[in-house]
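In what follows, a structure is listed as structure tokens, so that the remarks can point back to it.
Both counts, for ligands and for their atoms, begin at 1 and track the order of listing.
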Amino acid sequence: MMERRSKALVLVVDDELAARLITRATLEEGGFDVVEAASAAQALALFEDCHPDVVLLDVMLPDGDGVELCEQLRGLPNGRDVPIAMVTGVNDKESIQRAYQSGATDFITKPISWGTLAHRTRFLLRAHHALRDLALSALRMRLAASVFEASNDAILICDRHNRIISTNPAFTRICGHPAHEVLGQDPALLFADVGTRIQYQTMWETLLADNAWQGEFTCRRRNGDTFPAWFSMSLCRDAEGEPEHYIALFTDISLRKVQEQRIAHLAFHDELTGLPNRRLVADRLAVALAQAKRDASQGAVLFVDIDRFKNINDSLGHACGDQLLEQVALRLQGALRGGDTVGRMGGDEFVLLCPGAGHGAAIAARAQAMLATLAEPYQVMGMRLHVSASMGIACYPDDGDTPEVLVRNADAAMYLAKEQGRNNFQFYAPELNASILSRLKLEMELRRALDAGQFELYYQPKLEMADGRLNGAEVLIRWRNDAGQLVPPNRFIPVAEECGLIGAIGDWVLAETCRQHAAWRAAGLLVPVLAVNVSARQFAQPEFAENMGRMLAELGTAPAAIELELTESMLMADVRRTAATLERLKELGFSIAIDDFGTGFSSLNYLRHFRLDVLKIDQSFVRELLQDRAALAIVQSIIALARALNLQTVAEGVETEAQRALLQEQGCGAMQGYLVARPLPASDFAAWLRAYNKGRPP
Ligand SMILES: Nc1nc2c(ncn2[C@@H]2O[C@@H]3COP(=O)(O)O[C@H]4[C@@H](O)[C@H](n5cnc6c(=O)[nH]c(N)nc65)O[C@@H]4COP(=O)(O)O[C@H]3[C@H]2O)c(=O)[nH]1
């Protein structure tokens, strides 16, 4: 970068010393700095060194022609823009002609008028600067014009009297008006409705106060259509500060508005059916509750759930399920009365909100009619589907005074309707207390869990006390519920037993255990005997032993690979049958353990007649072992009993080294518990096994 000079620098090129001296003196006197060159070569070198602001160049040079030098200077990177004046003889027309052709800016004739030389040079410089500024502003104008022309936003310029003086192509594209139609007009012709008048006035006030305004107007196109537009207005003032031009930039925001509306709609509506969603239902319910409070009226919330919807989804596909839901939504909408709302809560659940629904009998009649409508056959993807629904009803204000409580209670009543055999409605009753409801709900979820593959198996190793050999592993079920939480078996096995699901769950556990066993074996792992828990209801099946044998044969697993854990109470229910079943199981090759031994009421006498292999000492005794002498005494007698009956003993829930040492001292055969390992998911158990088999129990 060149430093800014305080004086302009003139390069004087002349071979005559006297001429150079006078020129220098004259120019310095006139306020210039001067550098001199006596030849073309010197001039070129100096030019590149000093970057002069003006060059005065004599046509005749000893080592060449001044015109050629001019051409050479113009070819240099910083030589294109420097004013060059050729000094020629007064009649040397040919030189003047050549000088202009070579790019000279001006010429000065000899004899030089010394009195005006400095002025002439200054003028040359000023003219040159003016030309440069002009070129620059022309460039800016061209850029501005192309922005104006190419802009996607409409641009409208008005004069100080607010008459349109210019529009761009985007204006015509957006509004449909050719420029000539609107020139001289008031831009108010664009604004569509009367409602915008106040806004129009506010816009003017702001524009005049702040010189700028932004906002939305509804505009009208030439064909009469209206559209929302976003405006950015600015006001340009003249030197006196008076308004000179108004500039409006605007763009059609119809699309953006549609998208905004769609987003707003989606926030409160279900995308599939277009019905209000959970949030909007809660909102409407809050309004209805407030209204009911004011006029002491009663209303109802009906919770509707399609029966066995999951089967339809799974067997016929989601597209089919979606179409069914759309039709259900239509039927529910058809059943509405003025002021009612129907919303979709998600999945196959709908809620009807009926303010002022009246007394119980009236609601019941409506519910019945609705169920009948929903049970009419559906035509979905060329199929005729028969579907029913279950409905729970909560009335307000009696059954709740907040949207959450009412919906929850209607939902609970719906579970009762499912429990009552589906395709019916039930009213919420306070007797449906929390524990019954949560049990009903658990049962429903449990039914779904099996189909949804939400069960997982964990494996907990058992070790021999004496030498730490691997004695086996217990298979323990876990349920990963909809919320992704692991539910322990004590929470759901009793419910599964009561509702009869335990059979299917037990079959799944056995099949999954066998599948995993085979997979581990195929992967080269040494798998110990896997102990599977059997529930009372499974064991009570008439053909339990035969069924187990058949299932294992089908699954391709040898019964010797499986131990069955039964509880004392199961065995004692029907002693004769138990003896026969155990006999058959042993014949088939299973080994048998009694789980939680010591907690039931075994008749020790009968125990003798049962074919058993293992007594598992319940973890409650192990826990108390070190503190409670009675617990120690029970453990001692279980071990003695086992020894007398020739059974192995496995202590459950061994957590500490002290417990282990005492149990070993008492002669307990094996142990299971956190001291060895916690129950592990299949992959972790495989890793544990690998490490164990390498002789490094982790
Ligand atoms: N505090 C403590 N606990 C320990 C320790 N070591 C193991 N446990 C836990 O003790 C329970 C032992 O299983 P269980 O007596 O057969 O008792 C089992 C069994 O009766 C039943 N169960 C588990 N899986 C199945 C299954 O597949 N079918 C059936 N029918 N019942 C199952 O659920 C019961 C509970 O199982 P889990 O919750 O897995 O609880 C397991 C296990 O996680 C320890 O050192 N300290």
*Criterion salt bridge (Lys or Arg N to Asp or Glu O under 4.0 Å) on R278 and D270, from CA distance to verdict*: CA-CA 8 Å; R278 183 183 286 273; D270 166 48; over 6 Å; no
_Let's go through D628 and R623 carefully: what are the C-alpha distance in whole Å and the side-chain angles of both, what is the deciding distance for salt bridge (Lys or Arg N to Asp or Glu O under 4.0 Å) to 0.1 Å, and is it a yes or a no?_
CA-CA 9 Å; D628 183 355; R623 202 180 307 127; over 6 Å; no
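Crowding of E456 atom CD: a count of heavy atoms from other residues, nucleotides or ligands under 6.0 Å exceeding 12.
Nearest residue to atom 10 (O) of ligand 1 from Q619, E512, E474 is Q619 (criterion: closest heavy atom).
Ring centroid separation for the pair Y459 and W688 does not come in under the 6.0 Å cut-off. Ring centroids of F492 and F455 are separated by less than 6.0 Å, placing the two rings close together.
Looking only at protein heavy atoms, the nearest one to atom 4 (C) of ligand 1 is Y674 CE2, 3.5 Å. Of all protein heavy atoms, the one closest to atom 21 (C) of ligand 1 is P489 CB, 4.2 Å. Atom 17 (O) of ligand 1 has as its closest protein heavy atom D595 OD2, 4.4 Å. Counting protein heavy atoms only, atom 18 (C) of ligand 1 is closest to L476 CD2, 4.2 Å.
Counting heavy atoms under 4.0 Å from ligand 1, residue Q460 touches it through the side chain alone. Contacts with ligand 1 closer than 4.0 Å are made by no heavy atom of D618, backbone or side chain. Only the side chain of P679 comes within 4.0 Å of ligand 1, counting heavy atoms alone; its backbone N, CA, C and O stay farther away. Residue-level proximity to ligand 1 for R623 is absent, since no heavy atom of it falls below 4.0 angstrom. By the criterion of a heavy-atom distance under 4.0 Å, the side chain of E565, and not its backbone, is placed next to ligand 1.
Residue R478 places a heavy atom under 4.0 Å from ligand 1.
The closest side-chain donor-acceptor pair between Q454 and D482 falls under 3.5 angstrom.
Atom numbering of ligand 1 starts at 1 in the shown order; those under 4.0 Å from a heavy atom of N490 are 33 (O), 34 (C), 35 (C). Short contacts between ligand 1 and S535, defined as distances under 4.0 Å to a heavy atom of the residue, involve ligand atoms 30 (N). Annotation for ligand 1: atoms under 4.0 Å from non-hydrogen atoms of D596 are 15 (O). Of all the atoms in ligand 1, the ones that sit under 4.0 Å from a non-hydrogen atom of E655 are 1 (N), 2 (C), 44 (C), 45 (O), 46 (N). Within the listing of ligand 1, atoms 27 (O) sit less than 4.0 angstrom from a heavy atom of V509.
In this structure, atom 43 (O) of ligand 1 is in close contact with the protein, since a protein heavy atom lies within 4.0 Å of it.
By the 6.0 Å and 45° rule, R331 stacks over the aromatic ring of Y378.
A salt bridge is defined here as a Lys NZ or Arg NE, NH1 or NH2 lying under 4.0 Å from an Asp or Glu carboxylate O, and R550 with E554 meets this definition. With respect to the salt-bridge test (charged N to carboxylate O, under 4.0 angstrom), the residues K586 and E583 do not qualify.
For the pair N533 and ligand 1, the shortest N or O to N or O distance falls below 3.5 Å. In terms of polar-atom proximity, defined here as any N/O pair under 3.5 Å, I477 does make such a contact with ligand 1. Between Q672 and ligand 1, no pair of N/O atoms sits closer than 3.5 Å.
Nearest heavy-atom pair, L385 versus C320, reported as atom, atom and distance to 0.1 Å: CD1-SG, 4.3 Å.
A heavy-atom distance below 4.5 Å is not found between the side chains of M370 and V304.
Tested against E474 for a salt bridge (Lys or Arg N to Asp or Glu O under 4.0 Å), the candidates K462, K616, R678 yield a single pass: K616.
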